[in-house]
Amino acid sequence: MKTHLPNFLEARRRSKQRINIDRSEFKIPDDIKNIGNERKYYLRTYGCQSNERDGETIAGILEMMGFVRTTIIEEADFVLLNTCAVRANAENKVLGELGSLKRLKTTNPDLILGMCGCMAQEESVINTILKQYDHVDLVFGTHNIHRLPQLLYHTMLSKEKTIEVFSKEGEIIENLPVKRFGEHKAFVNIMYGCDKFCTYCIVPYTRGKERSRLIEDVLQEIQQLKDEGFKEVMLLGQNVNAYGKDLGLGYDFAFLLEEVAKVGIPRIRFMTSHPWDFTDKMVEVIAHHENIMPFIHLPLQSGNDDILKKMGRRYTVESYLKIFDKLKQHVKNIAFSTDIIVGFPNETQQQFEDTLKVIKYCEYDNCFTFIYSPRENTPAAKLVDNVTLEEKNSRFQILSQLCNEIALEKNKQCIGKVLHVLVDGPSKKNKQVFAGYAENGKLVNFVGDNISVGEIVEVKITAAKTWSLYGEAIK
Ligand code: SAH
Ligand code: SF4
Ligand code: F3S
């Protein structure tokens with residue numbers, strides 16, 4: 001068995017060392033190059049957009065090796081689950097899935113079953129795999145995706161279990177292949193990792209330290225996407241506001257955003273902005289460029305200062321609202337989404353109600369709501385919690401109901417307005433109807449003639465539901 005196992009203490013460490021950037025051509029050794037040989041791979045990605053983007057790199061590497069993608073798991077020769085570790089229920093789903101996939105090996109004994117992504121970075125998960133999931137053949141982490149050809153080759157040739165997970169981030173590798181899953185919308189990493197260490201969160205341990213790509217590399221990728229006809233880019237980072245800080249080259253996220261806007265791609269979004277270092281200059285840049293979409297994800301997590309402090313979020317409700325108000329005041333037709341955690345250890349009823357109060361004030365267009373999930377080795381997981389699960393569930397229900405009511409109300413306010421919708425394709429439920437997203441992040445289903453995928457269409461909104469709008473194209 002080939003193994004390199006994750007280590008929690010190493011994952012927590014932050015070195016001052018500048019990260020090296022590797023710009024050499026990505027090469028797969030000749031003896032490995034064609035081992036795919038038309039074999040089929042099945043890839044399923046869980047979690048956030050960073051993981052989705054990693055999935056595109058993985059697909060790019062596999063296709064460079066001659067593998068062909070399938071969406072039918074039963075016919076695959078290589079099944080890979082690209083996993084998320086952010087909450088226990090996400091993990092349990094994957095472990096259940098991995099267990100049930102054992103059945104595929106009875107019909108295809110040569111099948112290679114693999115797991116990668118954030119769960120692979122956890123010591124406890126690897127121990128579980130070693131003890132209980134003997135049928136899993138290949139495990140690699142978030143820092144060594146570029147090693148996939150060698151690891152897969154080793155697994156196929158030796159028929160041994162291969163586990164290689166590095167806890168410390170390596171260099172930024174620029175020229176990895178990518179198979180984009182979208183035809184007119186693309187994810188663009190601007191930075192990797194997270195140094196915020198919010199006390200509940202596992203991401204800083206699974207993704208390593210904050211490291212930014214050079215501005216010229218980001219701009220070049222976006223120029224290329226524009227030349228290829230892409231209409232929208234989503235700039236990705238766990239906290240995009242920290243962009244550039246680690247480079248010490250004198251530029252920051254506001255500067256990058258403005259340069260990206262100047263490239264002239266029709267639509268720019270970004271994810272995620274931490275409320276802590278949202279600068280005035282960022283507000284200004286967002287307000288002054290029509291191709292930066294007026295839709296901001298600004299995670300609140302809690303509306304109570306004591307809880308925010310215990311979460312290690314580094315902002316207060318007051319400073320959060322200051323940014324919120326400033327954005328609202330300066331950016332025309334702005335819409336907001338947020339993340340909320342209920343049931344943080346020892347959260348009182350009053351503290352929970354403080355959160356509801358802020359939600360009522362902000363009237364978010366979309367709230368992503370979660371019940372706090374203790375993550376191994378994080379500081380919050382060590383707290384003794386006096387709130388019962390029953391209580392947490394009940395708060396979660398109240399919170400969801402409030403968020404849904406507000407979302408419906410905000411959607412109703414769009415009725416009669418004309419929104420600009422980037423067409424994704426015919427709607428899932430009705431092929432006569434098209435679906436796409438408006439500038440304010442809302443899903444719009446609409447009818448119209450001569451509509452093509454990838455075009456931006458003016459749509460008059462005629463009806464609203466909680467999660468979508470309905471309208472008619474104006475042409
Ligand atoms: N970097 C992003 C968050 C990535 S994780 C940010 O800071 O906004 C996405 C969301 O998952 C978080 O915003 C948080 O609301 C939620 N989350 C993270 N850890 C969690 C945990 N242990 N339990 C419940 N929700 C959690
Ligand atoms: Fe997690 Fe906080 Fe980093 Fe977001 S900013 S990834 S919540 S530690
Ligand atoms: Fe999940 Fe990892 Fe993203 S834990 S949320 S896939 S960074």
Side-chain angles (χ1 to χ4, degrees), residues 11-12 14 44-55 58 81-91 93-94 115-122 125 141-143 145 169 187 189-210 235-243 270-278 296-303 307-308 310-315 320 336-345 347 355 364 366-383 385 387 389 392 395-396 399 403:
R12 192 172 61 181
R14 289 298 180 264
R44 187 183 299 161
T45 295
Y46 303 79
C48 64
Q49 287 89 345
S50 301
N51 234 25
E52 278 294 325
R53 180 61 187 78
D54 284 352
I58 290 165
L81 303 187
N82 182 21
T83 63
C84 170
V86 83
R87 285 170 292 275
N89 53 6
E91 283 196 9
K93 220 165 36 187
V94 168
M115 186 190 92
C116 63
C118 287
M119 276 174 74
Q121 296 293 135
E122 288 181 272
V125 169
T142 58
H143 300 312
I145 293 173
E169 61 287 328
F187 292 130
N189 283 317
I190 63 165
M191 60 187 300
Y192 306 94
C194 180
D195 288 349
K196 290 285 175 288
F197 287 98
C198 302
T199 58
Y200 51 82
C201 184
I202 199 166
V203 173
Y205 310 92
T206 65
R207 292 271 164 180
K209 79 165 178 170
E210 280 175 1
L235 310 179
L236 295 181
Q238 290 304 332
N239 172 25
V240 293
N241 308 12
Y243 174 78
F270 54 88
M271 185 103 169
T272 299
S273 271
H274 191 295
W276 180 49
D277 36 17
F278 210 115
I296 308 289
H297 183 62
L298 199 62
L300 172 69
Q301 313 298 0
S302 165
I307 295 285
L308 284 173
K310 287 186 184 133
M311 286 177 162
R313 289 292 286 181
R314 312 177 205 205
Y315 53 83
Y320 178 96
F336 288 95
S337 61
T338 198
D339 289 345
I340 306 284
I341 298 177
V342 280
F344 188 80
E347 178 192 59
T355 300
Y364 296 103
N366 201 352
C367 284
F368 298 91
T369 51
F370 312 103
I371 295 183
Y372 167 74
S373 168
R375 302 285 65 215
E376 204 176 65
N377 292 319
T378 57
K382 294 182 184 74
L383 298 171
D385 190 359
V387 190
L389 191 59
K392 292 185 191 206
R395 285 180 196 170
F396 183 73
L399 173 75
C403 291

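For ligands, and for the atoms within them, numbers begin at 1 and follow the listed sequence. Values below: all heavy atoms of this structure, side chains included; hydrogens, waters and symmetry mates excluded. Small disclaimer: the values here were computed from a predicted structure and weren't measured.
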Enquirer: In plain terms, say whether Glu210 and Arg14 are close enough for a salt bridge, that is, a side-chain N and a carboxylate O under 4.0 Å apart.
Expert: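 Arg14 and Glu210: not salt-bridged.
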Enquirer: Answer yes if the side chains of His297 and Asn366 hold a donor-acceptor pair under 3.5 Å, and no otherwise.
Expert: no
Enquirer: When you look at Tyr192 and Thr142, which way does the side chain to side chain contact (heavy atoms under 4.5 Å, CB included) test go after all the steps?
Expert: CA-CA 10 Å; Tyr192 306 94; Thr142 58; over 6 Å; no
Enquirer: Under a strict 4.0 Å criterion on non-hydrogen atoms, which protein residues are in contact with ligand 1?
Expert: Val86, Arg87, Tyr200, Gln238, Thr272, Pro299, Gln301, Arg313, Asp339, Ile341, Phe370, Ile371, Tyr372, Ser373, Arg375
Enquirer: Please round to the nearest 0.5 Å and tell me the distance separating atom CG of Leu300 and atom OG1 of Thr355.
Expert: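 One gets 6.5 Å once the value is rounded to the nearest 0.5 Å.
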Enquirer: Mind checking how many protein N/O/S atoms fall short of 2.8 Å from atom 2 (Fe) of ligand 2?
Expert: 1
Enquirer: Rounded to the nearest 0.5 Å, what separation is found between the NZ atom of Lys93 and the SG atom of Cys84?
Expert: 9.0 Å
Enquirer: Between Tyr315 and Tyr320, how do the two ring planes meet: parallel, tilted or perpendicular, split at 30° and 60°?
Expert: tilted
Enquirer: Going by the order shown, which atoms of ligand 3 are within less than 4.0 Å of some heavy atom of Gln238?
Expert: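 In order of number, 7 (S).
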Enquirer: Looking only at the aromatic ring of each residue, does the gap between the centers of Tyr205 and Phe197 stay below 6.0 angstrom?
Expert: yes
Enquirer: Can you tell me the protein heavy atom closest to atom 7 (S) of ligand 2 and the distance?
Expert: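 The closest one turns out to be Tyr200 OH, 3.4 Å.
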Enquirer: Please name all residues satisfying salt bridge (Lys or Arg N to Asp or Glu O under 4.0 Å) with Lys392, sequence neighbours left out, ordered by chain then number.
Expert: Asp385
Enquirer: Can you name the nearest heavy-atom pair linking Pro345 to Ala380, along with the distance?
Expert: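 Heavy atoms of Pro345 and Ala380 come nearest at CG-O, 4.0 Å.
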Enquirer: Using a cut-off of 2.8 Å, how many protein N, O or S atoms lie below it in distance from atom 2 (Fe) of ligand 3?
Expert: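 Step by step: take atom 2 (Fe) of ligand 3, keep protein N, O, S below 2.8 Å, and you get 1.
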Enquirer: Go through Tyr200 and Arg87 one step at a time and tell me if the side chain to side chain contact (heavy atoms under 4.5 Å, CB included) criterion holds.
Expert: CA-CA 10 Å; Tyr200 51 82; Arg87 285 170 292 275; over 6 Å; no
Enquirer: If you measure from OG1 on Thr206 to CE on Met119, what distance do you get to the nearest 0.5 Å?
Expert: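 Separation between the atoms: 11.5 Å.
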Enquirer: Does the side chain of Tyr364 reach to within under 4.5 Å of the side chain of Cys403, using non-hydrogen atoms?
Expert: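 No, every pair of side-chain atoms sits at 4.5 Å or beyond.
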Enquirer: About how many Å separate CD1 of Ile341 and OG of Ser302, when rounded to the nearest 0.5 Å?
Expert: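 With rounding to 0.5 Å, OG (Ser302) is 9.0 Å from CD1 (Ile341).
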Enquirer: So, are Glu91 and Arg375 salt-bridged, with charged N and O less than 4.0 Å apart?
Expert: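 Judged by the 4.0 Å cut-off on N to carboxylate O distance, Glu91 and Arg375 do form a salt bridge.
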